Amino acid sequence: MYDDVSEINPEYCNVLTSSDTLVSYSGNRRIDYANNGGRWVKWRSQISNYGNYDISGFTCIDISTLKSNAVFEPIYYMCAFGLFVFLIVLCKYVLGGLIRVFR
């Protein structure tokens with residue numbers, strides 16, 4: 001399940017500073033975002049009066065790949081597979097019962 005990054009501009013240099021904070025740099029502008037339940041929301045914005053921010057030491061990330069709740073994905077897949085198996089077994093018993101009734 002990917003995060004909602006609709007507020008973040010993908011053309012800026014986006015840097016993860018921790019698991020729940022992200023900084024977006026564009027020239028002399030810096031925008032901080034916080035993760036709130038899989039949705040990245042703007043926290044604050046700063047403008048430098050001393051020129052552009054030096055981002056040469058940062059690694060810019062692709063924000064479309066952010067998954068803050070990735071630890072829960074196996075649980076969701078396991079529940080979906082369990083529900084699928086349950087429905088197959090239920091259909092087998094219902095159809096088997098109907099076939100025996102109408103014979």
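As the structure is a computational prediction, the values presented were derived from the model and not from experiment. Side chains included, hydrogens not; waters and symmetry mates left out as well; all remaining heavy atoms used.
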Rounded distance [0.5 Å steps], CG in N52 versus OG in S48: 8.0 Å
Rounded distance (nearest 0.5 Å) linking atom OH of Y2 with atom CG of L66: 10.0 Å
Other residues, nucleotides, ligands: >12 heavy atoms within 6.0 Å of R100 CZ: no
Heavy atoms, side chains only, cut-off 4.5 Å: are [X] and [Y] in contact?
| X | Y | answer |
| --- | --- | --- |
| N14 | C60 | no |
| I8 | L22 | yes |
| L98 | V94 | yes |

Looking at [X] and [Y], what are the two nearest heavy atoms and their distance?
| X | Y | result |
| --- | --- | --- |
| C13 | I55 | CB-CD1, 3.8 Å |
| N28 | Y53 | O-CE1, 3.5 Å |
| I31 | Y12 | CD1-CE1, 4.1 Å |
| F58 | V15 | CB-CG2, 3.8 Å |
| G38 | S68 | CA-OG, 3.5 Å |

Test: K42 cationic atom under 6.0 Å from Y33 six-membered ring centre, within 45° of axis: no
D3, D4, D20 screened by salt bridge (Lys or Arg N to Asp or Glu O under 4.0 Å) with R39, the one that passes: D4
V23: side chain to side chain contact (heavy atoms under 4.5 Å, CB included) partners, not counting sequence neighbours: T17, Y25, R30, D32
